[in-house]
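Count residues from 1 along the sequence. Since we're looking at a predicted model, the values are computed, not measured. Side-chain atoms are counted along with the backbone in the values below, which use heavy atoms only and exclude waters and symmetry mates.
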Amino acid sequence: MRTNLLHILFGIGFLVNFGLYAQEKEPQKVDFGYLIKNKADSITKRIKYVIGDTLVQDTSIKKRETLTDIVDAYAKDYKRLSRKNDKMYLYNEAVVEYGDMVINAGWIVVNNSTKEVFASGIVDSTGTYTQAPTFKQGANLVEPDSLIFNFDSKKALVFNSRTEQGGFKVKGEISKRQNDSIYYLANAKFTTAEDIDDADYYFYARKIKFVPDSKIVTGFVNMYIADVPTPLGLPFGYFPLTDKQASGFIIPSYGENRNRGFFLMNGGYYFAINDYVDLTVLGDYYTNGSYGLRLESNYNVRYRFNGNVALRYEKLLLEERGFPNFSETTVYNLRWNHNQSQKANPSSRFSASVNLGSSDYYQQSVNQNNTGNFLNNTLNSSVSYSKTFEGEPAMNLNISATHNQNTNTEVINLTLPTLQFSIGRVFPFAPKTGTKKGAIHNINLQYNVRAENRITTTDSLFFRPEMFEGADVGARHSIPISTNFKIFEHFSVSAGMNYDEVWTLKTFDQQYDEQLRKVRRDTITGFDSYRTYNFSTSVGTTVYGMFDFGDDKKIKAIRHVMRPSVSYNISPAFDQYYDEYTRTGIAGLEDEVVEFSRFEGTLNGAPGNNFASSMSFNLTNDFEAKVRKKDSTLTGDERFKKMSLLSNFGLSTNYNFAVDSLNLSPISVRGTLPIVQDKLAINFLGTLDMYALNSNNRRINTLNINNGGSLFRLTRANASFSYSFSNKDFQKEEEEKGGEEKDEEEYDSESYRNGGRPDNLFGSSEMMNRPNANKDAESDENERYNYAIPWNLNLAYTVTYSNNARQNEISSHSLMFSGDLELSPTWDVGISSGYDIKNKGFTFTQLRFAKDLKSWQMSFNWTPFGTRKSWFFFIGIKSSILQDVKYDKNRERDRTLR
């Protein structure tokens, strides 16, 4: 008996490879009550009659196996062995265990003569089919309604089987196991919905060939939505099933554009190169001749590095050739992000963040996945390698290439490359043991060098040989020497000097041409250098003030912290690096002597030719209060909490000893005023000038108060704040009870990577023809309706006042806002907009609507007005396996001829 049971269990083990993972049971479609009431022989005959001769008995003698573990078989009601029929019967909560394999069923019949095992549920007194069979081996679980397995032919019949493969959930009324890797299903349906028995959609096929972890091949298949057949069908179907990446075609979207005609968009091929890198090639084509090409690749080497590369190129034609409004535009964009794992090499690091291309790419591109990127005025890139050399003193090397591009002026600044090398602080007079005390012990010096090859070009010359003409090459060596000590116990003093040496490979000579009556500037190629030095010192302290009002007051105390500091800087005039030429006067005017330096216009500029001696004053204030809490049951210090009243309130100015007039620079005022603790704070800054203006609105050496005005002139002021809050901020009871913390905001990686904001003030990112799927719907239907409506709102306000030349105007004044409202767990609406209060008009506005339809996702994005007026509608299956089952429609924004 044990030998036969071993054959049976080994055969059923193949069902695990079949991968039948059941989710929920379906009402039986076989009269199991009739089957159970009859003998086991009649059960086998009935099944053979329904299915045919699929179970072929093999009477050949098999070599007996040796049991490697104890077989346990038991049942709640009875376990009976029939020697006459050569069968064993287990009834009610029947269990067979062998090693890590467990079979549970209401009814199990083991037939030794036919070498078959039958397992099914039982019908209880209410007529309900219960205790359907389950087979478990390790973490794998099989839960059909009933099963028959022939351990000799290795074939099986499974009724109402359920399995999940590659994201698909498959259910078949009758399943036949042909061999280890091929199964056939009759009257089967498959879907990506959570519940296959109550799926919101599924595909139905009468015949299916199923290869686990490989593919599903069907005959005629058509789509059902809410159990209603649709006209969407195919004569045959092929669905790959694999958890591994696989190469394949990407089906394009189609549509019509009023400016470019019919189009195919986002079609191409995905190359699964290997386990470390892939490649996606996508293209667009319009019937008027416009086209686009995109190459995207992701790579990842575990514990070493990861990144992605994207190259986009578009040739855009507006209207048809020969028409008066025809235009042709070529735009491109390159993005590269590379991150090195910290475990790869602790002493060296390579990273890259590249975003460069045409200045009008985000304004003109037809197919981009972030509508708010057109608001970015700059593109920035950086590729760097850093190396730390261990030892004493520490040394650091950094080599980088940077890129900065202004999309408005189309000016591009590049450094190819920048080399920086530094040696850490060295204390030559520090004691060998003990701490450093006094000015002598704390004397330290460093060494830094920065060498650059800087290129300034324009968008039209980018990547052309002309861009390298006029490149500036230079280096600056710096040796700072400093020390610090205390005087009178409470005053911290620091002093230092800095020695700089600048190298350059070209200089400029200037001469006045008498005949042409203009200055001629000649470039002198060759090595040249100059040296400068300066001295600075500063003294500062911290003063604390406490105003105590008593424990019985609502405000117990106010603390005032002041941090005054005074610094002095002096630098000589390096006029030895200056020459002069004489400009001949015109129409009786006197000749003018012009002083110049051959280093003007070089990478690091020219040294100063004026003596500098100035003193700076700075005062920073912080005001805090200790306020009584509302909870009257608290005692001791727990009764009070700290609250910021005014932080970083500072005043700073500078007095120049080296000039004869206008010695005092305008006073800068700054600070942060908390309105809602830890949530809302107003940042403000202003500039106050003591000097008056003349009739030409220029500063004169006369105090404003002596000129009939006030003590100070407010020349510039700015106030701004940003505030984010949501419904969770008003759930005070949950917070006090230690409720869950707010989930971290998931930043829009596409927008943020391209220089956008982490919030939605400038609009959200939206994949063209493939929007981001929202969170899955809640499984509990009750939670869909009984819940507090989640919402969030982000505000950003700024106002700037200008009065440098008596203009007395608000130069800028705007309010930006964005918000999202979850009407239900399946309905989301959002808005991003702003209002220019000065110019009285709305800024870029985007309305967002999204509906989670369980297995489907529907979204509608609408820009109702402005130059970006457009809309985009999408509905499709969320699962990536069936991402091509979708419908999308969009109205492209109007194009402006440039």
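Between Ser381 and Gln405 there is no side-chain heavy-atom pair separated by less than 4.5 Å. Considering only heavy atoms from C-beta on, His560 stays 4.5 Å or farther from Ile558 through its side chain. The shortest distance between side-chain heavy atoms of Gln420 and Asn448 does not fall below 4.5 Å. By the 4.5 Å heavy-atom criterion applied to side chains, Tyr723 and Val676 are counted as neighbours. In this structure, the side chains of Asp579 and Phe596 come closer than 4.5 Å at one or more pairs of heavy atoms. Here the side chains of Asn694 and Ile700 are in contact, with some heavy-atom distance below 4.5 Å. No side-chain heavy atom of Arg454 sits less than 4.5 Å from a side-chain heavy atom of Asn413. Side-chain contact between Leu693 and Arg699 is present, with at least one heavy-atom pair separated by less than 4.5 Å.
Between Asn808 and Tyr801, the side chains place a donor N or O and an acceptor N or O closer than 3.5 Å (distance only, hydrogens not considered). Side-chain atoms of Asn794 and Ser818 include a donor-acceptor pair closer than 3.5 Å. Side-chain contact of Ser538 with Ser494: a donor-acceptor pair under 3.5 Å is present, judged by distance alone. Between the side chains of Arg464 and Thr457, no donor-acceptor pair of N or O atoms lies under 3.5 Å. Counting only N and O atoms by type, the side chains of Tyr512 and Glu514 include no donor and acceptor under 3.5 Å apart. In this structure, a donor-acceptor pair under 3.5 Å is absent between the side chains of Asp622 and Ser647. The closest side-chain donor-acceptor pair between Thr845 and Ser833 falls under 3.5 angstrom. The closest side-chain donor-acceptor pair between Asn683 and Thr672 falls under 3.5 angstrom. At a cut-off of 3.5 Å, with distance as the only test, a side-chain donor of Asn404 or Asn380 sits close to an acceptor on the other residue. For the residue pair Thr458 and Ser460, a side-chain donor N or O sits within less than 3.5 Å of a side-chain acceptor on the partner. In this model, a donor atom of one side chain and an acceptor atom of the other lie less than 3.5 Å apart for Asn498 and Ser478. No side-chain donor-acceptor contact under 3.5 Å links Gln807 and Asn697.
When all heavy atoms are compared, the tightest approach of Thr653 to Ser665 is OG1-O, 2.9 Å. Nearest heavy atom pair, residue Leu711 against residue Ile705, reads CA-CB, 4.1 Å. Closest approach of Ile810 to Val799, counting heavy atoms only: CG2-CG2, 3.9 Å. Shortest non-hydrogen contact noted between Leu379 and Gly357 is CD1-N, 4.3 Å. A pairwise comparison of heavy atoms in Ile455 and Leu416 identifies CD1-CD1, 4.1 Å as the closest pair. Minimum interatomic distance between Ile412 and His403 (heavy atoms only, all atoms of both residues): CG2-CD2, 3.8 Å.
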(request) Using the side-chain contact (heavy atoms from CB on, under 4.5 Å) rule, take Glu600 and Phe508 through it: C-alpha gap first, then chi angles, then the decisive distance, then the call. (result) CA-CA 7 Å; Glu600 291 178 359; Phe508 301 95; over 6 Å; no

(message) Using ring pair (Phe, Tyr, Trp, His ring centres under 6.0 Å), reason through Phe649 and Phe623 one step at a time and then give a plain yes or no.
(response) CA-CA 9 Å; Phe649 176 62; Phe623 295 88; 7.3 Å; no

(request) Check step by step if side-chain contact (heavy atoms from CB on, under 4.5 Å) holds for Leu461 and Glu469. (result) CA-CA 11 Å; Leu461 300 178; Glu469 298 178 358; over 6 Å; no

(request) Walk me through it: do Asn355 and Arg335 pass the test side-chain contact (heavy atoms from CB on, under 4.5 Å)? (result) CA-CA 5 Å; Asn355 183 19; Arg335 289 190 289 107; 3.6 Å; yes

(request) Go through Val519 and Tyr581 one step at a time and tell me if the side-chain contact (heavy atoms from CB on, under 4.5 Å) criterion holds. (result) CA-CA 9 Å; Val519 178; Tyr581 63 84; 3.3 Å; yes

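When each of Ser614, Ser613, Ser536 is tested with Tyr568 by the rule side chain to side chain donor-acceptor pair (under 3.5 Å), just one qualifies, namely Ser613.
More than 12 heavy-atom neighbours from other residues, nucleotides or ligands sit within 6.0 angstrom of CG on Leu505. Remark: Tyr533 OH is loosely packed, at most 12 non-hydrogen atoms of other residues, nucleotides or ligands lying under 6.0 Å away. Counting non-hydrogen atoms of neighbouring residues, nucleotides and ligands closer than 6.0 angstrom, the CZ atom of Phe865 exceeds 12 such neighbours. Residue-environment remark: CZ (Arg806) exceeds the threshold of 12 foreign heavy atoms within 6.0 Å. Phe468 CZ: 12 or fewer foreign heavy atoms inside a 6.0 Å radius. More than 12 heavy atoms of other residues, nucleotides or ligands sit less than 6.0 Å from atom CH2 of Trp791. The local environment of CZ in Phe491 is sparse, with at most 12 non-hydrogen atoms from other residues, nucleotides or ligands closer than 6.0 Å. For NZ of Lys838, the number of neighbouring non-hydrogen atoms (other residues, nucleotides, ligands) closer than 6.0 Å is greater than 12.
Centroid-to-centroid, the aromatic rings of Tyr530 and Phe574 stay 6.0 Å apart or farther. A ring-centre distance under 6.0 Å is not found for Phe549 and Phe547.
Using a distance-only test at 3.5 Å, with no hydrogens or angles considered, a donor-acceptor pair links the side chain of Ser597 to the main chain of Tyr577. Judged by distance alone, the side chain of Asp459 and the main-chain N or O of Ser359 form a donor-acceptor pair under 3.5 Å. One N or O on the side chain of Asn701 and one on the backbone of Leu662 form a donor-acceptor pair closer than 3.5 Å. Between the Ser358 side chain and the Tyr332 main chain, a donor and an acceptor come within less than 3.5 Å of each other.
Rounding to the nearest 0.5 Å gives a distance of 4.5 Å between CZ of Arg531 and CD of Glu501. Atom CH2 of Trp862 and atom CD1 of Ile831 lie 10.0 Å apart (nearest 0.5 Å). For the atom pair CG (Leu793) and OG (Ser726), the distance works out to 10.0 Å, reported to the nearest 0.5 Å. In this structure, CH2 in Trp503 is found 8.0 Å from OG in Ser529, a value given to the nearest 0.5 Å.
By the salt bridge (charged side-chain N to carboxylate O under 4.0 Å, His left out) test, Arg670 pairs with no residue at all, sequence neighbours left out.
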